[in-house]
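Note that the coordinates shown come from a computational prediction; the quantities given were computed from them, not determined experimentally. Within every chain, numbering begins at 1; the chains are lettered A, B, ... in the order of the sequence lines, protein sequences first and strands thereafter.
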Protein chains: 2
Amino acid sequence: MAITIKDIADKAGLSPASVSRILTNRGRFNADTAKRVRELAESMGYLKNQSAADLSQKQSRVIGVLVPSEHTNFADEIIKGMRSKAYELNYELLIAFVDVNKEQQLQTVHSLLSRKVLAIVMLAVDIEIADPVFNLLTSTGVQLLSVSNQLNNEIPSISSDNYVMMHQIVDYLYEHGHEKIALIGASNPNSIVAKLRRQGFIDALSKHGIEHHPDFIWGTENAYQTGMDAIKHFGIPLPFTAAIGSADIISVGILNGAKDAQIDVPKDLSIITIDGTEIAQITRPILSAAKQDFQLMGQLAISALDEQELAPHAVFFTETKIVPSGTVTTLDKNN
Amino acid sequence: MAITIKDIADKAGLSPASVSRILTNRGRFNADTAKRVRELAESMGYLKNQSAADLSQKQSRVIGVLVPSEHTNFADEIIKGMRSKAYELNYELLIAFVDVNKEQQLQTVHSLLSRKVLAIVMLAVDIEIADPVFNLLTSTGVQLLSVSNQLNNEIPSISSDNYVMMHQIVDYLYEHGHEKIALIGASNPNSIVAKLRRQGFIDALSKHGIEHHPDFIWGTENAYQTGMDAIKHFGIPLPFTAAIGSADIISVGILNGAKDAQIDVPKDLSIITIDGTEIAQITRPILSAAKQDFQLMGQLAISALDEQELAPHAVFFTETKIVPSGTVTTLDKNN
DNA sequence: TTGAAAGCGGTACCAG
DNA sequence: CTGGTACCGCTTTCAA
C-alpha cells in the first residue's frame with residue numbers, strides 16, 4: 001500500500017486536513033510546519049493519489065486532447081505548443097489517439113469523459129453533427145475546442161483562416177506569373193476546411209480575373225499517394241503551371257510524382273505546399289510553403305481554455321505566411 | 001452534477017451495489033434487471049466516474065506511455081501497435097510526452113504515477129540510473145518496460161537486436177561489394193543502443209576481415225542535420241562507398257547532403273537507413289532500409305504487460321529485415 | 001440475487 | 001493556524 005496523506009499526518013502529529021492544505025498550498029498554515037511536512041512527504045516518497053483528489057474536487061485540471069491517429073505530422077507541433085502552455089498554467093494533457101473505427105472512437109471519448117476532463121481539444125478532427133461521437137461529446141457539457149479545423153458554429157475553434165490563406169497563395173503564384181493553377185487534395189466534400197480552401201481558391205482566382213477550371217481541383221485523400229496520383233491523373237504535359245498541395249505530405253507526393261515523370265520542378269511545374277512542417281524542408285528542392293503557425297495554435301488553445309468561457313461560435317485565427325523556397329518559379333508572362 | 005450510479009439505482013429501485021455489479025459485469029445478478037439497468041444507464045446518459053472507480057479499486061487498467069517529444073516518428077508506429085493490443089485487451093493508454101527539461105520530466109512522471117498506472121512503457125527513452133527521473137520511476141514499484149531501446153538490466157525491454165541488425169546491414173553491404181563503410185549518427189556515448197550498434201558494426205566488419213576505420217563512425221545527434229553535416233565533414237571525394245544512417249531522418253540528411261554536393265546516390269555513395277519508416281520512402285531514390293518492426297514491438301509491449309510479471313532483465317527481440325530499394329548499388333570488386 | 005455499509009485518499013467546511 | 005468530519009462516486013465484502 002502506497003503512502004497516504006494520513007501517514008504523513010500521523011508522523012507529523014498533524015491532521016490530514018492540515019497536510020492537505022500544505023501540500024496543495026491552499027488556505028493558511030504555519031510556514032515552519034509546512035516545511036517540515038514537505039520534507040517528510042519527500043522523504044517518505046509520498047505521491048498524491050490524483051484519483052482521490054479529482055473525486056473529491058469534482059474537477060480536474062486535465063485537458064483531453066483528441067488526435068487523429070493518421071496523425072498528420074503537424075499534430076506534433078500543436079501538441080508541443082499546448083504542452084508548453086499547459087506546463088506554464090499547470091494543466092495536464094491527456095492525449096488520446098482516435099482512429100477511424102467508430103466503436104473505438106466512442107470508447108476513447110468515453111474514457112476521456114470518464115476522467116472528468118475539464119475540456120476536450122480536438123486536433124484537426126473532422127466530425128459531423130450527426131455523428132454519435134459528436135453527440136457524446138456535446139452531451140456532457142464539457143468545454144470543447146477544435147484546433148486547426150474550422151467546424152460548424154457549435155464548437156469554438158482555433159485555426160488558420162483558410163479562406164484568406166488561399167488568397168495569399170493564389171496572389172503569390174499570380175505575382176509569379178501563374179494563372180493555370182491546380183489545387184490538390186482539397187476535394188473532400190465533407191471537410192469544412194477543404195470547402196473553405198476551395199472557395200478561397202476560386203474567389204482568389206476570379207479576383208485576378210481568372211476563371212477557375214473545376215477539373216483543376218482534384219484529390220480527396222490527405223495522403224502521399226494523392227500527390228503521386230495527381231501527376232498521373234493530369235498527364236503530360238500538365239495542363240497547369242502550378243499546383244497547390246493541401247498538405248505537406250500531398251505536396252511531397254506531387255513533387256515525387258513529377259520527378260518520376262521527368263517533370264522538372266520548378267521549371268515545368270511550380271508547387272506550393274500548405275502547412276510547411278519539417279517534412280516540407282527535407283525535399284529537394286525544398287518546398288515553398290504557406291506556413292501555418294501550429295505551435296501558436298496549441299498555445300492559444302490552452303490559454304483560451306484557461307481564460308474564458310468560450311462561446312460556441314468563437315473563432316480564433318492565427319497568421320499564415322508564405323515561405324518561399326525552391327519550388328516556385330517566375331513564369332515569363334509571354335509564355 | 002453528472003449522473004451517478006446512485007441515480008440509476010434510485011430510478012431502478014435497486015441499490016448502488018447491484019447497479020455497480022451489473023455495469024461492471026462482476027458477480028451475480030439477474031439478467032433481466034441487468035438489461036433494464038443497462039438501458040436506463042444508456043438513456044440517462046450515465047458516464048462512469050473513473051476516478052472514483054480507480055480510487056475504490058486501488059488499481060487501474062491504465063498503462064502510461066512516455067514518449068520523447070523530439071518524437072522520432074517511429075514512436076507513432078509503436079503507439080499504433082500498442083493501441084490495437086490495448087483495445088483488444090481492454091487497457092487504456094495514457095500518453096505523456098517528455099521533453100528534455102528535467103523539471104518537466106519529473107513533473108510528467110509524477111503525474112503518471114499519481115494516476116496509479118499499472119505500468120509505464122518508455123519509448124526509446126534514454127535514461128541513466130543516476131537520473132532522478134529513473135529514481136522516481138523505480139521508487140514506486142510500478143512495472144516498467146522499455147520499448148525500442150535496450151536499457152540496463154534494471155528494466156525489461158522490447159526492441160530489435162541492434163547488434164545482430166548491424167551484422168545484417170554490414171553483410172548486405174559487403175555482399176554488394178562495399179568494404180569502406182561509414183556509420184553515421186550512432187556516436188552518442190551514453191546511448192546503449194548506439195553502443196550496441198557500434199560494436200555490431202565493428203564486429204561485423206572484422207568478421208569479413210575488414211578492420212574498421214574509427215573515423216568512419218561519426219555523428220552523435222539523431223537529426224537531419226547530422227546527415228547533412230556528415231557529407232561536409234568527410235569531404236569530397238568521400239572516403240567510403242557506403243554509409244549507414246542510424247535513423248531515417250539522418251539518412252535523409254545524408255542523401256540530401258550528397259545531392260547538394262553533387263554526389264550521385266547510389267552510384268558514388270550507397271546509403272542504407274535504419275528504421276525504414278514512411279519518411280524513408282518519400283525520398284528519391286527511395287532509401288534502402290534495415291526495417292524494424294515497430295508495430296509489433298508495441299503489440300508485444302501490451303501483451304507482455306498483460307501476461308506476466310516481467311523480470312527486470314527480460315529482453316524481447318523483434319525481427320529486423322533488409323528492405324532493398326534505390327540507394328545501394330553493387331560495387332565492381334575491381335574498383 | 002440483492003442490499004447495507006465500510007472504505008479508497010483527498011478536500012473543504014466549520015469549529016476551535 | 002489547526003482539527004474533526006462529512007462527503008466525492010464507486011467497489012466490495014458480508015448478510016440477508
Side-chain angles (χ1 to χ4, degrees), chain A residues 1-38 40-41 44-62 92 110-111 113-118 140, chain B residues 1-38 40-41 44-62 90 92 110-118 140:
Chain A
M1 180 85 315
I3 157 134
T4 77
I5 223 174
K6 190 159 181 313
D7 300 323
I8 300 180
D10 289 348
K11 205 153 221 153
L14 287 172
S15 74
S18 300
V19 176
S20 171
R21 256 178 259 122
I22 290 168
L23 259 23
T24 52
N25 247 314
R26 266 189 278 260
R28 333 212 140 282
F29 48 79
N30 182 299
D32 290 339
T33 49
K35 183 150 172 292
R36 200 160 51 86
V37 166
R38 275 193 252 272
L40 212 45
M44 296 171 74
Y46 169 73
L47 266 178
K48 166 199 298 215
N49 182 327
Q50 196 60 48
S51 298
D54 287 351
L55 176 58
S56 168
Q57 297 183 129
K58 315 174 62 50
Q59 214 235 81
S60 69
R61 288 189 65 86
V62 177
E92 249 181 272
H110 243 102
S111 105
L113 260 15
S114 295
R115 291 234 134 65
K116 300 289 178 249
V117 295
L118 62 72
T140 57
Chain B
M1 181 86 315
I3 261 244
T4 77
I5 222 174
K6 193 161 178 310
D7 300 323
I8 300 180
D10 289 348
K11 207 154 221 156
L14 287 171
S15 75
S18 301
V19 176
S20 171
R21 257 178 256 121
I22 290 168
L23 260 22
T24 53
N25 246 314
R26 266 188 279 263
R28 334 211 142 282
F29 48 79
N30 181 299
D32 291 339
T33 50
K35 183 150 173 292
R36 198 159 53 85
V37 166
R38 276 194 251 273
L40 212 45
M44 295 172 76
Y46 169 72
L47 267 178
K48 167 199 297 209
N49 183 327
Q50 196 60 48
S51 298
D54 287 351
L55 175 58
S56 169
Q57 300 183 122
K58 313 168 68 47
Q59 218 234 74
S60 67
R61 288 187 69 85
V62 176
N90 199 26
E92 249 181 90
H110 241 101
S111 101
L112 279 188
L113 260 16
S114 296
R115 290 234 134 67
K116 300 288 179 252
V117 293
L118 61 74
T140 56

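- Proximity of B:Leu14 to B:Val37: side-chain heavy atoms (C-beta onward) are separated by under 4.5 Å at one or more points.
- Comparing C:dT2, D:dT11, C:dT11 by their closest approach to the side chain of A:Thr24 singles out C:dT11.
- Remark: P of C:dA6 and NZ of B:Lys58 are 18 Å apart, rounded to the nearest angstrom.
- A side-chain donor-acceptor contact under 3.5 Å links A:Ser114 to the backbone of A:His110.
- Using a 4.0 Å heavy-atom criterion, one finds that B:Ser51 contacts no nucleic acid atom at all.
- By the 4.5 Å heavy-atom criterion applied to side chains, B:Leu23 and B:Lys48 are not counted as neighbours.
- Per the geometry, CG belonging to A:Leu55 stands 12 Å off C1' belonging to C:dG7, to the nearest Å.
- Contact annotation for A:Ala53: backbone-only contact, meaning every heavy-atom pair under 4.0 Å involves sugar-phosphate atoms and none involves a base.
- Nearest to the side-chain atoms of A:Gln57 among the listed nucleotides C:dT11, D:dT12, D:dG9 stands C:dT11.
- If you measure from atom CG of B:Leu23 to atom P of D:dC10, you get 9 Å, rounded to the nearest angstrom.
- Between the P atom of C:dG7 and the CD1 atom of B:Ile5 lies a distance of 19 Å, rounded to the nearest Å.
- Proximity of B:Lys58 to B:Lys116: side-chain heavy atoms (C-beta onward) are nowhere separated by under 4.5 Å.
- A donor-acceptor contact under 3.5 Å links the side chain of B:Arg21 to the base of C:dG3.
- Taking five base pairs at each end of the helix from C:dT1-D:dA16 to C:dG16-D:dC1 and finding the rotation axis that steps the C1' atoms of four pairs onto the next four gives two axes whose angle is 30°, to the nearest 10°.
- Spacing between atom CZ of B:Arg36 and atom C1' of C:dT1 amounts to 13 Å, rounded to whole angstrom units.
- Where B:Ala52 and A:Thr33 meet DNA chain D, the nucleotide closest to each residue was compared, and A:Thr33 sits on the side nearer the 5' end.
- Listed nucleotides: C:dG3, C:dT2, D:dT2. Nearest to the side chain of B:Ala17: C:dG3.
- Between B:Arg115 and B:Glu92 there is no salt bridge, since no side-chain nitrogen of the basic residue lies less than 4.0 Å from a carboxylate oxygen of the acidic one.
- For A:Asn30, the side-chain atoms get nearest to D:dT2 when compared with the rest of D:dT2, C:dG9, C:dT1.
- Of the possible donor and acceptor atoms, none in the side chain of B:Ser20 sits under 3.5 Å from a partner among the backbone N and O of B:Pro16.
- The side chain of A:Ser20 contributes no N or O atom lying less than 4.0 Å from OP1 or OP2 of C:dG10.
- For A:Arg21 (side chain) and A:Phe29 (main-chain N/O), no donor-acceptor pair under 3.5 Å exists by modelled atom type.
- Applying the side-chain hydrogen bond (donor to acceptor under 3.5 Å, both in side chains) test to pairs two or more places apart or on separate chains, those with a residue in residues 27-38 of chain B are B:Lys35-B:Glu39.
- With rounding to whole Å, A:Asp54 atom CG is found 12 Å from C:dT11 atom C1'.
- Within the structure, a side-chain polar atom (N or O) of A:Lys48 is placed less than 4.0 Å from OP1 or OP2 of C:dT11.
- Residue B:Ser56 places no side-chain N or O under 4.0 Å from the OP1 or OP2 atom of D:dG9.
- Here the nucleotide nearest the side chain of A:Arg28, chosen from D:dC1, D:dC8, C:dT2, is D:dC1.
- Listed by residue number, there are no residues of residues 7-15 of chain B with a heavy-atom contact under 4.0 Å to DNA chain D.
- Of the candidates D:dT2, C:dG9, D:dC10, the closest approach to any side-chain atom of A:Phe29 belongs to D:dT2.
- For the pair B:Val62/B:Leu118, no side-chain contact is recorded, criterion being any heavy-atom separation below 4.5 Å from C-beta on.
- For the pair B:Asp54 and A:Gln50, the minimum side-chain heavy-atom distance is 4.5 Å or more.
- The nearest whole Å value for the distance from the CD1 atom in B:Ile22 to the C1' atom in D:dT11 is 14 Å.
- The closest donor-acceptor contact from the side chain of B:Asp7 to the backbone of B:Thr4 lies under 3.5 Å.
- Of the two residues near DNA chain C, A:Arg26 and B:Lys116, the one whose nearest nucleotide lies more 5' is B:Lys116.
- As a whole-Å value, the separation of A:Gln50 CD from C:dG10 P is 10 Å.
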